[in-house]
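All values derive from a computational prediction rather than experimental measurement.
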Amino acid sequence: MSENLISANSESARADESQEVPATSKKVRETVEFATANPDVDQPFAELGLKADEYARIKEILGRRPTSAELAMYSVMWSEHCSYKSSKVHLSKFGDYVTDEMKEHLLVGIGENAGVVDIGDGWAVTFKVESHNHPSYVEPHQGAATGVGGIVRDIISMGARPVAVMDQLRFGAIDHPDTSRVVHGVVSGISQYGNSLGLPNIGGETVFDSVYQGNPLVNALAVGVMRHEDIRLANASGKGNKVVLFGARTGGDGIGGASILASESFDDTKPSKRPAVQVGDPFAEKVLIECCLELFRAGVVEGIQDLGAAGISCATSELASNGDGGMHIALDDVLLRDDTLTPEEILMSESQERMMAVVRPDRLDEFMAIVDKWDVETSVLGEVTDTGRLIIEWHGDVIVDVPPRSVAHDGPVYQRPMTEPSWTAEVAANSVESAGLPRPETDEELKATMVALAGSPNLASKEWITTQYDRYVQGNTAQAFPDDAGVIRVDEESGLGVAIATDANGRYGYLDPARGAQLALAEAYRNVATAGAIPRAVTDCLNFGSPEDPEIMWQFAAAVEGLAEACQDLGIPVTGGNVSLYNQTGGVAIHPTPVVGVLGIFDDVARRTPSGWKEPGQTIYLLGTTEAELDGSAWADVTAGHLGGVPPKYRPETERELAEILINSSRDGMVDAAHDLSEGGLSQALVESCLRYGTGARIWLDELCERDGIDVFTALFSESTARAIVAVPRSEEVRFKDMCTARNFPFIRIGMTDTGDGSPQLEVVDHFSVGLDELRNAHAETLPKHFG
């Protein structure tokens, strides 16, 4: 079947070749020979996103001007999205801070399609988060859908079976007219693609803030599992090995796509970029997943690379660069959906659901038999060479002849100018105290504040979104949203599994990029530990404005430095991730938003701890201490629209101690529920713990206020870090208190879960009571009210 398709496609292309076309037509093939003989031809390098000095460097590398096909390749591969040219010098810090101890469980680190972590018993997990921000604003449904598809293919390319996805979303103001368009499109795209793949969506975040109005963030995370021996890498080695493209046909729906679209700021004066957004087919990807897994089991793949940003340009140059350094490709053997595509368009197309494999000639028939079985279209494009050159032909003419490393890895590296923003001192001085924000003075006002926060867009229930996702397909989801971390069982026999949490706080990032990144890591780390898992590895997606703005570049560098230091503090390495820059419109940048995902390990997911209490009569303890840390808080935002001051302190040693207590108490059955304290402070943690299973609580705060020297308002709404609440059965109280005392970790009894008498409520003794029905209404109605 495959050979017939290849032949038919080649005949069509050759028929087209026979037609004479004028020199001005885009159908003219520009060969290397022609480019060498005609050095003075004007080329549209600027329109393709290249700077004049970058174009000059390409000519220096090649010793001539590039052909139009070479220019297309360099333009997409040297784009910010693909080359990381503004961020490379800073990202190296993740490696600088990694210790030997942190590498102990790391099987594959930064530099491959995704990191791989040893979780024991011969099992490994790969996970990664990436952005699809700009495409999701232009075309929300397809942008988000193909974001899911792309990150899933990264997981497949490591040799793993995808087992779960998560999403981290940032939208504009909830009541802005355009927000509904983006929300409906993004959520439908994620649900349609993920549900069709049969992958559970086990958690994530959704934030609304006007700063993201012109630049929503759609970050997608995927998780895959494999045996150690199944790990695959992206390289093309072995002279004579065949290079095979398989999956969907190449079309014009993603030309330039994310690679160029995500490498400059939006500007209302420029033409629409809608045609650049890729179109996904989740059912084709589902078949591709199963086909790839069977190819891996059969041992017929030497190297593999998914086709995402930059398409064939990326796959060929990266495979060649990572391998023996040479490859020869016949581009006219690419199967097309549109026979009018030029070679340049074929090279730049980011059409979805495609993979490229390196196959030994003696295993090619086996490879073809498997792809034919799955009815996956396939074409052999060429072979690995030892020439050190990537050579691409079109109908027998050489249109690309480049050193692959110059395309894939040795692109421009910028030391962008950096300047601390002039406004940082003024913003830092504008604390909630100096601004004189009015605080609730009566018990009724305290109650009203709790209810207002529970119903605010960023703290309200996200069930309107999450119920559109299938959270339990495949049957291995042990825990999912709204719990603090998603939990997936890896091995049914032993119960071995993983927990994953993702977090970010753009408000903290605006106030202090370094600490904002550290607090994002700390919260994700804490959420994983709250579930009872041992934190083991990190992935990140660093979302910032234009790197050409020295103030933005300063924010980025500070965030990377802060995150790298925090990873060392907590003893967990960054395994990979993504950088998304140019997230700004008309000079207005988003807040620095480093999304951080943490992977944790369970010996047995049956011991996981949920985030809400079920049983009446259990004792509620608060772990950690509370200070008056309200700058950048949900309270300041919701009640006054205020953003100023400094974020809460980052407490790495306390976070590690807290995590050990949470993990040990979960493993040993000392707690039945645990919830971290973060946005909204103790107030929001209590609301969510009560609403999780409809069990109320009686809370008393006098002893806490006396111990920490705070008032009831601060006790409820401060966002001090390294804190959690736990529900402890009466039978385990002595053991739990002894453990905390032995570790000299601060803990205090603050309440009891509801005895079950009467209507469930949350009571703050001597201050106020609020029924769970009232809280649930406030918490659950916000998103449906706006999005229907």
Review point. Hey, does Asp306 have a side-chain heavy atom less than 4.5 Å from the side chain of Ile156?
Key: no

Review point. Any chance CG of Asp96 has more than 12 other-residue heavy atoms, nucleotides or ligands included, within less than 6.0 Å?
Key: yes

Review point. Is it true that the side chains of Tyr97 and Glu561 contain a donor and an acceptor less than 3.5 Å apart?
Key: yes

Review point. Is the CG atom of Asn664 crowded by more than 12 outside heavy atoms at less than 6.0 Å?
Key: yes

Check your understanding: Considering only heavy atoms from C-beta outward, does the side chain of Val218 approach that of Leu169 to under 4.5 Å?
Key -> yes

Practice item. Check whether the side chains of Asn527 and Asp503 place a donor and an acceptor atom closer than 3.5 Å, and report yes or no. Key: yes

Review point. Are any of the side-chain nitrogens in Glu205 or Arg170 under 4.0 Å away from the carboxylate oxygens of its partner?
Key: yes

Exercise for review: For the residue pair Asn578 and Tyr84, establish whether any side-chain heavy-atom pair is separated by less than 4.5 Å.
Suggested key: yes

Check your understanding: Is it true that the side chains of Thr626 and Arg723 contain a donor and an acceptor less than 3.5 Å apart?
Key -> yes

**Study point:** Presence of salt bridge, Arg526 and Asp484, under 4.0 angstrom
**Key:** no

Practice item. Scan residues 222-231 for pairs that pass side-chain hydrogen bond (donor to acceptor under 3.5 Å, both in side chains), counting only residues two or more places apart or in two chains. Key: Asp118-His228

Practice item. Indicate whether any N or O donor in one side chain lies under 3.5 Å from an N or O acceptor in the other, for Glu629 and Ser718. Key: no

Review point. What residues form a salt bridge (charged side-chain N to carboxylate O under 4.0 Å, His left out) with Glu104, not counting sequence neighbours?
Key: none

**Study point:** The single option from Leu199, Asn201, Val165 passing side chain to side chain contact (heavy atoms under 4.5 Å, CB included) against Tyr469
**Key:** Asn201

Practice item. Give a yes or no on whether the backbone of Ile119 and the side-chain of Asp121 come within a donor-acceptor separation of less than 3.5 Å. Key: no

Check your understanding: Are Lys649 and Glu627 ion-paired here, with the side-chain N under 4.0 Å from a carboxylate O?
Key -> yes

Point to revise | Side chains of Leu221 and Thr502 in contact at under 4.5 Å (non-hydrogen atoms) | key: yes

Exercise for review: Before accepting this row, confirm whether a basic side-chain N of the pair Glu732/Arg735 lies closer than 4.0 Å to the acidic partner's carboxylate O.
Suggested key: yes

Review point. Will you find, in the side chains of Glu679 and Asn458, an N or O donor that is under 3.5 Å from an N or O acceptor?
Key: no

Practice item. Look at Arg651 together with Glu657 and state whether they make a salt bridge at an N to O cut-off of under 4.0 Å. Key: no

Check your understanding: Hey, is the main chain of Arg471 close enough, under 3.5 Å, to the side chain of Thr477 for a donor-acceptor pair?
Key -> yes

Review point. If you measure only the distance, is there a donor-acceptor pair under 3.5 Å linking the side chains of Glu615 and Tyr693?
Key: no

Listed pairs under 3.5 Å, donor-acceptor, residues 157-164 side chains, sequence neighbours left out:
unit_1 : atom_1 : unit_2 : atom_2 : d
Ser157 : OG     : Asn113 : ND2    : 3.0
Ser157 : OG     : Arg153 : O      : 3.4
Ser157 : OG     : Asp154 : O      : 2.7
Arg161 : NH1    : Glu290 : OE2    : 2.9
Arg161 : NH2    : Glu290 : OE1    : 3.0

Check your understanding: Side-chain contact, heavy-atom cut-off 4.5 Å: Tyr193 with Glu285?
Key -> yes

